Amino acid sequence: MFDTFVVEPIFNLLVFLYALLPGHNFGLALIIFTVIVRLLMWPLVKKQLHHTKAMRKMQPELKRIKKASKGDKQKESAMVMELYKERGLNPFGSIGTLAIQFVVLIGLYSGLSRVAQDPSALINFSYDWVRGLPWIEQLAADIGRFDGTLFNVVDLQRAAFKDGVLYIPALILVLGSAVTQFFSSKQLLPQSDDQRSLKQILKEAGQGKQADQQEVSGAVAQTTRYFLPVMIIVFTVGLPAALGLYWLVSGAVAYWQQKKVLDQDEDELEALADGTAEVIDGEVVDKPKTPKKKVNSEINAQASPKSYLDPNRRRQGSKVAAKKGSKK
């Protein structure tokens, strides 16, 4: 089922582009394919980036909540969840987009592996209508005409390092893909001057100081920006260079997409972050004005967990305080 619904459609789109391109260069077809895939995912990517921007704007308020709760984890969790609810945000809202990208990557890897092992997969694994294209018919007659390179410079069927042999052109693609992944990941992470490293947090935890979960999550995210590029190098260095080329182009396009969204009009992003606007069919529109809970006022007042969650108790407390004041 995975081959039928994921691998075959992805593979056939790539072969279709390869068959139609003048010169029939497989590397160029892979680059165009990658750009098309990223553009098709634009609505999901844009939604994910707006969500990321909104989450980044919440960091100062999350710090205020932490300070107001004074170590009361139950109160802190309640206030954080109320803030998420007020802003209409889901902490796991970007997982869907990442999952789709992962599925595309696995499907492409499966298809490219077939071509790397046997170029005749271009014919055997293609749909009937793709096999009917003139260039694919010529390949079926003589598979030796297949050009599996990037402009005759990089053999995309070879790995950067395999059987003790180092192939420099493919290694450049691998390193390039790791660099683009690093910068695209860094672009999405919130920047904080007082952010401590994971090593420092764990060291203090070993000394008996309780670690803050939000700070740990932030430190892990910061560490991940170094971990992922290393994993890309380890994962792709022994695979066909075509996968490294895909990752390099995909990372470059992702960086451009992220920059385009994250650098757009600040008023629009602030409206999305504040929940006064929403994205409908790719356009930002204002939401109808409705009364909202003022979480910030609760944070500033440093209310207790019960009074924060129950407005009636706050009103009753005010009346009791007023009576006591009048008696005095």
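Treat the numbers as computed from the prediction; the structure is a model and nothing was measured.
- Between Gly148 and Phe26 the shortest heavy-atom distance is CA-CB, 4.0 Å.
- Grouping the Ile, Leu, Val, Met, Phe, Trp and Tyr side chains by contacts below 4.5 angstrom, directly or via other members, places Val115 with Phe2.
- Contact check for Val253 versus Thr34: no side-chain heavy atoms found under the 4.5 Å cut-off.
- In this structure, the side chain of Gln258 engages the main chain of Ser184 through a donor-acceptor pair within 3.5 Å.
- Judged as a side-chain hydrogen bond (donor to acceptor under 3.5 Å, both in side chains), not a single pair has a partner in residues 234-253 (not counting sequence neighbours).
- In this structure, Gln138 and Asp142 have side chains that are not in contact, with every pair of non-hydrogen atoms separated by 4.5 Å or more.
- Residues passing the side-chain hydrogen bond (donor to acceptor under 3.5 Å, both in side chains) test with Arg131 are Asp128, sequence neighbours excluded.
- Atom-to-atom distance recorded for Met79:CE and Arg64:CZ is 9.5 Å, nearest 0.5 angstrom.
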Decide yes or no on side chain to side chain contact (heavy atoms under 4.5 Å, CB included) for Phe11 and Ser126, but give the supporting numbers first. CA-CA 8 Å; Phe11 181 81; Ser126 296; 4.0 Å; yes
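- Around CZ of Phe146, the count of heavy atoms belonging to other residues, nucleotides or ligands within 6.0 Å exceeds 12.
- Of all non-hydrogen atoms in Arg38 and Ala254, the two that sit nearest each other are NH2-CB, 3.3 Å.
- Around atom CZ of Phe183, no more than 12 heavy atoms belonging to other residues, nucleotides or ligands sit under 6.0 Å away.
- Here the side chains of Leu171 and Leu166 are in contact, with some heavy-atom distance below 4.5 Å.
- Here Phe161 contributes atom CZ and Leu239 contributes atom CG; the two are 13.5 Å apart, rounded to the nearest 0.5 Å.
- Atoms CD1 and CG, from Ile233 and Leu228 in turn, are 11.5 Å apart once rounded to the nearest 0.5 Å.
- Minimum interatomic distance between Tyr167 and Asp155 (heavy atoms only, all atoms of both residues): OH-N, 2.9 Å.
- The list of side-chain hydrogen bond (donor to acceptor under 3.5 Å, both in side chains) pairs with a residue in residues 19-31, not counting sequence neighbours, reads Asn25-Asp147.
- Distance check, rounded to the nearest 0.5 Å: CG of Asn124 to CD1 of Ile143 gives 8.5 Å.
- Hydrophobic cluster membership differs between Phe235 and Val174, with clusters built from Ile, Leu, Val, Met, Phe, Trp and Tyr side chains linked at under 4.5 angstrom.
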Show your working on side chain to side chain contact (heavy atoms under 4.5 Å, CB included) between Leu13 and Phe33 and close with a plain yes or no. CA-CA 8 Å; Leu13 174 59; Phe33 165 84; 3.6 Å; yes
Step-by-step side chain to side chain contact (heavy atoms under 4.5 Å, CB included) determination, Leu245 to Val249: CA-CA 6 Å; Leu245 176 61; Val249 177; 4.0 Å; yes
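- Between Leu14 and Leu30, the closest heavy-atom pair is CD1-CA, 3.8 Å.
- Side-chain atoms of Asp163 do not come within 3.5 Å of backbone N or O of Val165 as any donor-acceptor pair.
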Between Leu139 and Trp135, does a side chain to side chain contact (heavy atoms under 4.5 Å, CB included) hold up when you go through it step by step? CA-CA 6 Å; Leu139 287 181; Trp135 178 246; 3.6 Å; yes
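- Note on Leu243: it clusters hydrophobically with Leu28, by side-chain heavy-atom contacts below 4.5 Å among ILVMFWY residues.
- Taking OG of Ser110 as the reference point, atom CD of Glu8 lies at 9.5 Å (rounded to 0.5 Å).
- Taking CZ of Phe5 as the start and CD1 of Ile10 as the end, the distance is 13.5 Å to the nearest 0.5 Å.
- Taking all atoms of both residues into account, the shortest heavy-atom contact from Leu133 to Ala19 is CD1-CB, 3.7 Å.
- Contact record, Ser177 with Gly244: CB-O, 3.8 Å, taken as the closest heavy-atom pair.
- Residues Phe125 and Val7 are in side-chain contact: their nearest non-hydrogen atoms beyond the backbone lie under 4.5 Å apart.
- No single ILVMFWY cluster, assembled from side-chain heavy atoms under 4.5 Å apart, contains both Leu248 and Ile172.
- Using a 4.5 Å cut-off between side-chain heavy atoms of Ile, Leu, Val, Met, Phe, Trp and Tyr, with links allowed through other members, Ile123 and Leu21 fall into the same hydrophobic cluster.
- Residues Leu156 and Leu173 are in side-chain contact: their nearest non-hydrogen atoms beyond the backbone lie under 4.5 Å apart.
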